[in-house]
Each structure stands twice: as C-alpha cells, then as structure tokens.
Amino acid sequence: MTTQAPEAPAPVEVVAPAGTFEPVIIGFTCNWCSYRAADLAGTARVKYPPNVRLIRLMCSGRLDPTFVLKAYAEGADAVLVSGCHPGECHYIEQNYKAMRRFQLLQRTIEALGIEPGRLQLVWASAAEGVRLANEIARVTEEVRALGPLNWPAADLVDLDTFSLEKAWEATGGDVEGPPKAPAGANPDHPKEAAK
Amino acid sequence: MSPTARSKPAAKPAAKPTAKPAAKPAAKPTAKPAAKPKLAIFGAASCGGCDIAIVNIHEHILEVAAAFDIVLWPTVMDGKYSDIEAMEDGEITITLVSGSMRTDETVHLSKLLRRKSKFMVAFGSCASEGCIPGLANLTPRKEILDTAFSTSSTDNPDGIRPVWEFEAPEGILHLPEFEPMLRTLDQVVDVDYTIPGCPPESEQIWAALQAVVAALKGTGPLPPKGSILGAGESTVCDECARKRDVKKIDRFVRIQQVAAFDPEICLLEQGLPCNGPATRNGCGALCPSVSAPCIGCYGAAEGVVDYGARLMSAYASVIEATKPEEIDKILDGIPDPAGQFYRFSLAGSLLRGSRSAWQSDGE
Amino acid sequence: MERITIDPVTRLEGHGKIEIFLDPDGEVANAYFQIPELRGFERFCVGRPVEEMPTLTNRICGVCPEAHHMAAAKAADAVYHVDPPPAGKLLRELLYSAFFFTDHTTHFYALGGPDFVVGPDAPAAERNILGVIGKVGMEVGGKVIEARKRGHEVIEMIGGRKIHPASAVPGGMTQGITEEQRAEIEKFGRWAIEFGQFSLGIFDKIVLGNEAYKEMVLSDGYTHRTYYMGMVDPNNKVNFYDGQISIMSPDGERVGTYAPADYRDWIAERVEPWTYLKFPYLKKVGWKGFVDGADSGVYCATPLSRLNTADGMATPLAQAAYERFFDTLAPKPEAGGKRLVHHRLATHWARLIELLYAAERVVELAKDPDIASPNVRTVPTEKPTEGVGTVEAPRGTLTHHYWTDERGILTAVNLVVGTTNNYAPMAMSIKKAAQSLIHKGTVVHQGLLNRVEMAFRLYDPCFGCATHSLPGEMPLRVAIRNSDGEVVDVLSQNC
C-alpha cells in the first residue's frame, strides 16, 4: 500500500533566546491520533517549539526500540513517543505494547547512563492539538534543562586514528611489532601525578 | 582500507638494518604446490574458547591442514609478525579473527592482517559483537583499572597501576594501551564474513569451512560479502524443542527461585528471561535443553540491527499488563536490564556502551 | 644496558613477553615477564545478578571455563547461604572430573607433552600434536582424539554445552541426568581409566625409560624449592571440586590448612607497574621478590603442587601412581617429614596421575546411588550477602569472591585465578633459565629459547585466565637490543 508521503505539520516558530541550547528531539506519532493532534495544532496555529522532528508511524505499537536507540546514537537529545490514549488504539491494544516497550526502554537507557527524561511518552487524541503542543513545549524545556546528550555517533568515531596509523607509518613496518601506546602513561600513576 | 598506500611491503623488512637475515635459514621448505590457499587464525582479546572449538572439529582438523596452508595460528603453530608483514597484500586467502579489540596492539595486528587477507572473518562473539568482555563498556576505563588493582586481596598501599610505559631501573618497559572502549572487529577493519557464537559450535565451524573450501575450489558458491556463516536465519526459539503456547506472563523469575522448570514448556512463558526470541539459531538450542535460558551468544537474529532492542520488543510483547504500575512491577523481575539485553552484544550495539564509558575517552 | 626481548608470540599479540636486561659485564641484570592484557571482569561483573556469574566468568577462559563455572556456582551458593542437594553436588563434580580428564589430555598430548614425547631436541616444527602422532603412531593419535571427543560429550551431556557449560546455578544444577545418561557416563569413565593408564605407560616408556630425559627432569635448572598449594579432602587427599586449601613448605612441613573463605588471611596479591597481571604470594611469609626458599612467599599451584601438598590420591590406581611418583623422584622425606618433588618438569607426570584420578572419580561418581536423582537444586531462602567459592582449576587454585546487595546484585567481585598463582614462579623459572645460559654477553641462542619455552610451558600457562597456548608450538622471538634500544640481533625459533 502506498500513501502520499505526509508533510510534517509545520510548527509555528518560537524564537528561543540567543545562546540557549536547542535540543533535537525526535517525535514518533501514530497515524490516527497523535499525528492528527499535531496537525490540528499546526492548523490552529497553536505555538510550540520547533525542536521536535515528527515521524509518523501507523501506530505507536510500531515503535521499534531500535528507532529510539538509533536516534540517540545519531545525535538526538531526546525521543518523544506519542500515540492514542490507552483503550483507544486503532489497532485495539497495540499502544499497550508501546507502553511496555517505553517502560522497558526507560530502564535500559538509564542503565546506560541516559536520563529517563530523554525518553517521554505522551498520549494524545486527534482532538488534543493544544494539549500535545503544550506537552511538546514541556518536554523541550525538560530536555533543555538536561543539556545536550552528545552521544558520539558511531560512524564518526575511530578512537585510534589519533595515533596508531601515524605511529605505524613512522615505524615503516618495523619488525618490532606494533607501535607502542601514545606517549603513554597512566595519569593516575603516582609517578606520573608527581610530574 | 586503501591498498594503494602499501605497494612496497617487501622492501620494508630489508630497510631495517637490524633484522639479521642470516638468522633465517632461507625460505622454509614451503615450496609446496602453489595452489593451496593460505589460512590465518588469529586470537585478539579472547578466552581461547574459539580455538578449542576449532580443535574440537577433531579428526577434521587434519582435513583443514590438508586443504590450507596454515600460515598463522599462534595457539597451535608457529607464526610471526615478520612473516605476515613480508607478505603481499591479499596474500592470505582467509583470516579468522577471534577476540575483541581491547588494546592498541590487537587493533594494530587486526589492521595488518586485514591488509594481507582477501577475506576477513569475524569469528565468534567477541570479534563480531564484543561478547561478555564488552560489558566493560558500561564503565569508565579508569574504574576498570582501579578496581582490578585494588581488590580486597590486593596488597597495593601505594595505588600502583600498570602503565603503558614504565621506567624500570634497567630500562623502559612497554605495555599495550588498554583502550577506553572495547571494540568489535568490524569497528576497526572491513569484515567480509561473520561466524557467530560463544564459541561457534564445532559442527557449524566445520560446515562453514567446508563451504569456504568448496567456494575456493569452484565447486560451490562464494557467499556474498557480509554473510553470516555457520548459523541459521531464524531464532533459537525455532530450534528449541520446548512448546510455546503464546501464553502471556505476569512475572519474571530468577533461575534460583524455581526448583525445577517444566521440561516441555517454553522457559520464557514460565517467566525465566530467555534470550531465544532475539538470538540467531545455529547452536541447536543447547542451553534450554538443560533447563537453562538462552543467553544470546549467537548474536542478533537475521535482520536485527540492535540485539537489545529486539529482545526488549519481544519481552514487551509477552508481558501481561496494561497499567504502568503493573508493568513496572513485572519489570522489577529483570534487575539488570543492560546485562540482560546486551549480555553479549553491548560493544556491537547502536550505543556501544554507557555514557560514562564514552565520556572517559582519553582519561 | 643491553636488553633481550623474548616475545613468546603464543598468541600473536603476545600475551606474554619477556625482557632480559644485561649488565655492563654481559651478565643478566634482571628479567621481566610481562602480561600485556587485561579485560576487567572484576569491575564489569558489578551490577550483574549473582546467578549470571557462572555464565559470565566462563568467558574468562575458554580452555578451563568449567573451573570458573564451578567456582562461580559455589560462590553463589555461599552468597545465598544455600547447600545444594547431594545430586546437585555430585553432578557438578562429575562434570568437573570429566573436564579435568579432557583438559589434562589436551595438555599432555598437545601442549606440554610434545616436548617430552617428541623430544626437546626435535625440530620445533615437529613438537606439536602432529609430531606426537608421528612418534607414537596414528593409533595413539586416534585415541587422543577420541579421549577429547568423549570427554567433551560428557561435559555437554551434563552442562548443556561442550565449551562454556550452562547448568550450574546458585543452589545446585538446572537439571539432573537420566539413567541412560548415567550408564553412558560410567562407560566413558571405564574407558577413561584405561586411557589414563595407557598415558602413564607412554610416559614410562618415553621419559622414564630414557636416561637423558630423566637427567633433564632432575637437573637444577628446572628445580625450584617454593611453597606449594592445593585443595585436599578431609583425609588430605587431592580433591578438585571441594575441600580445604593446604599449604606445604619447601621443607615438607604442612604450614596450614584453611577454609577457602579465609583465603585473604593466607594470600595477598602484589601489583607491579610493568604488567597487567598480579603476583599472589603467601601473606604470612611475605613478598621478598622473585626468589625461592622458605623465606619467600612465592608459591606454586599446579598438578605437582597438589601432589606435594596432599598425602595421597583418593582412588586406588591413582594412589599407586602417586606412590611410584615419589618413590622414583623423591624417595627421602624432607626435613619437615613429607616427601616433595621440586623438579618442575615432573609436573607433566603429576598431571597424568591426576588424569587417572579424574577418570576413576568419574566412575565412582557415576555409580553413586544419588547421581541420577531429579532433586538437583535447593531454592535459596536466605538473604544474599557475601560468598567465596574455590575449586582446583587444572592450572591452580581458583577463588571467586562475591559481595551482593539484598537483591543478589553484585556490589564487588574478587577473583584469584588459577594461572595467576604461578606467575611469580614462572617469572623465576624464566630468569633462572636466562641466568644459566647468558654469560658475558654471549647468548646460547637455541638453548635459551628451548629452556625458556619449556620452563614456561610446564606450568601449562593459561593467560586467557590470562594467556594459553594450545597444541604445539610456542614460537619465540628474541630481539637483542643495545642501550639505545636498537635491535642488534633477531633470532627466532623455527627460523
């Protein structure tokens, strides 16, 4: 089935004071309630911060935890999950699954050092445009207060390029084996600390 | 890996005036039939279980020795850096790397072997996803070193830590650097194939090696790059003899809390956190066959990007609760989510480790 | 100052590296044996549930995962103050005995044994399992393969997996064995006893029947008088799975026997900044450096140590072999009253005696009326706190010590691993070999390599427990450096 690619509801600009941290928040909405709520907010010109990038799923139950983790890994400061109110799922009870995934994910990200506040769940019916806008504003402020997550994106990181390649070139393929550690010393070693 | 930068490897050892050629009584009597493909087996930071698993193909090991010219298997045969360095790029047909990337030395050697090999295989869980030692990525490096050298039986009043470079009275002693984060092989070099498992089952190793031999002989297809060898395309649940009723669970139990599990019924449905639903098949569902949960050592099932994400999804599906408080109560039965969901796969996961470990870079 | 670097590229990245420094006269000033690897289990196991430990610590070592599996399960029992039912304990010991049999077979025929069987002067390329088969015949080679195969099958039957078993849990085992399995294991045990006797026969024929080998075994270069450690049962007989830890002085005096939980009263570990591995020593004697004798806290924990520490073996055939061992190598008791063998190369013989014991023990355990009982687990009822679990690993006494919170989540972990016990004695053996072969700057090249290799190998070093070498070669590379650190000479085994 193909449907016309939806355009994200255009948020109304809210200008943040210069110099404040502008978090990037990925928002997953369901097709039937929360996306329409966001749409309604847009149509009604209800103001909410532009920090949330909305991605429409058919149902919050479609939210694969992979999406959330990938968002963090690739630079998002937080993820907002939104779906129909419990008991009102278009697919009967898939939003309960979303709820369970959300709670499980929150525990897991916390164990990995990510504040649970960086994953938020908001239920919103199609009529709750204003409420959703308010929730987005709230989440944005909460995340702003948490500060940037700055997860080192996987594809940007190569820990050893800073020394190993150069060092290896310098040895010219030395029979001695690999290059030694960078001018190395454990800074905690008493001897080093004394220096 | 750009091959262009290494057009003159043969000249390098000679350029080193220190290597005494006289000590090498000319080429070893290796003027064998030239056609034999070269095989290298290299263990990085590993427990040796992968090597034992290879040895456990038992009498077939003689067939491997017959099919390949084994140029390197330090645990079993002679092999030296200098021999490998002197080789042409791509001269080794296939290199199996077991073990993870824990020190700068293992990283360096893996890169060297990559250059010299046509096919690079991540062999076993450590190389492909980090395995248990990857759980070190939950902790800053400094804490790991501090803990290891200040345990309750350690006599270390001066707080001594090993250092990468130590000035002994007689001269400088070097140790490889313990890197801030443990990495998988494919985070360091380009990997052609993966053989999963901790360790891979010996029957599967033998099957994979036979497939490779057939491909090299032209009697079988060469698996496409990126293939997972020696495993299935489904999940451990598929191979498990236990029955699933698609029953929902209202609590998780810890294994010591139950005197005996029903031998016929799915362990997850009996409340035991079992990793079967997210784990690639290929082992034969060994652990559940002795009433132990699948621990996930064969890594992510086909098509799964993040092992833990898949397992969280699976658990969320079987939990019987619709109220946040009820859900929380059930989830309390999984006291260590990071360990439960990323026991073997943390280093290879999307996040690769905890925030504190990432932030410890360079410390 | 000149230096000689020996890189026993056992695992190419060099899990063990030896640096020898020469003084201005060309004599050995010092030798450093470095272990360049660490994984950090003691830190990253913290935060995990204690029942995970038999699974997690398996991965410390794939050569002896069963040892970690058992030590972890015993420590977890202690954490929960729970005693497994008889069948639970018997099954654990049965699995463990099958493992000892298999592991000692691997070592004797594939690792350390080739030095003897093929001969230390044989080309290095032949000193591996293929060389062994060449010397003793394909029929024997087939038997060795069969021994390893059948041993691993028993391990899988009880543990679920051939490598990294899964079945030991706090309070016992996950499940019992059937009567059919029991019968099969007993059959294996009987075959294993024959194999054990056969192996001792090979040792007799090839080593004891050869004066040159015997001389080498008894030579001073391979002799160290240190303390010995080993686990003993209530009759002071060798036990691998359970018992108390006993310490024997180099003079044959029993210094003490202690419960595993008291290990910290007896041993401590020293940290050196030039290696990732710690050096355990006897606390009551103290660390005096890398030296022999009764004043030095250095001790050894190997098959030889266990035979030296115990008064005998608990099974008849192994006991007879034990007697013969001491009659041959140490007919007279030491001042302290106990006969001791200080010749480190005799470790190979001791290992075969243990192999026979393990096989006899398999049969004993398989015949125990409780062994096939389905009651293999006691559910813990007490609040988890702290516990110590100790077993004899093939390569030395292995101790796991855990602390948990009231939910059984680990808050601290301490591990004193088998091979680690022998780190200091290994370093000493290596230094001794260097000192006897390097004079006035002249290095007896091949001799040094062989001696160091053999000195190293007899401990069956397993440094994945930090490192280990499997069948065959331990390639060595020696680089001799001048005082500027430039390499002036390189020589390698097998080159």
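Below, all heavy atoms of this structure are taken into account, side chains as well, without hydrogens, waters or symmetry copies. Everything numeric in this text was worked out from a predicted model, so none of it was measured. Below, read A as the first sequence line, B as the second, and so on, with proteins coming before strands; counting in each chain starts at 1.
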Quiz item: Non-hydrogen atoms of chain B under 4.5 Å away: do they reach the side chain of A:Ile109, the backbone, both or neither?
Solution: neither
Practice problem: Would you mind telling me which of A:Glu93, A:Gln106, A:Glu115 has the largest number of heavy-atom pairs within less than 4.5 Å of chain B? | Solution: A:Glu115
Quiz item: So which of A:Leu63, A:Thr66, A:Val68, A:Ile114 has the biggest tally of heavy-atom pairs under 4.5 Å with chain B?
Solution: A:Thr66
Residue [X] versus chain A: region with a heavy atom under 4.5 Å:
| X | result |
| --- | --- |
| B:Leu346 | side chain |
| B:Leu331 | both |
| B:Phe178 | neither |

Quiz item: Do the ring planes of B:Trp358 and A:Trp151 sit parallel (below 30°), tilted (30 to 60°) or perpendicular (above 60°)?
Solution: perpendicular
Quiz prompt | Most chain A-contacting option - heavy-atom pairs closer than 4.5 Å, from B:Val305, B:Val304, B:Asp328 | solution = B:Asp328
Quiz item: Looking at B:Asp336, B:Asp306, B:Leu351, B:Ile330, which has the largest count of heavy-atom pairs under 4.5 Å with chain A?
Solution: B:Leu351
Rounded at 0.5 Å granularity, tell me how far [atom1] in [X] sits from [atom2] in [Y].
| X | Y | atom1 | atom2 | answer |
| --- | --- | --- | --- | --- |
| A:Ile136 | A:Asn51 | CD1 | CG | 10.0 Å |
| B:Cys274 | B:Leu311 | SG | CG | 9.0 Å |
| B:Lys329 | B:Glu325 | NZ | CD | 11.0 Å |

Self-check item: Pair B:Tyr307 and B:Phe344, ring centroids less than 6.0 Å apart
Solution: no
Quiz prompt | Check: B:Arg183 side chain, B:Arg102 main-chain N or O, donor-acceptor pair, under 3.5 Å | solution = no
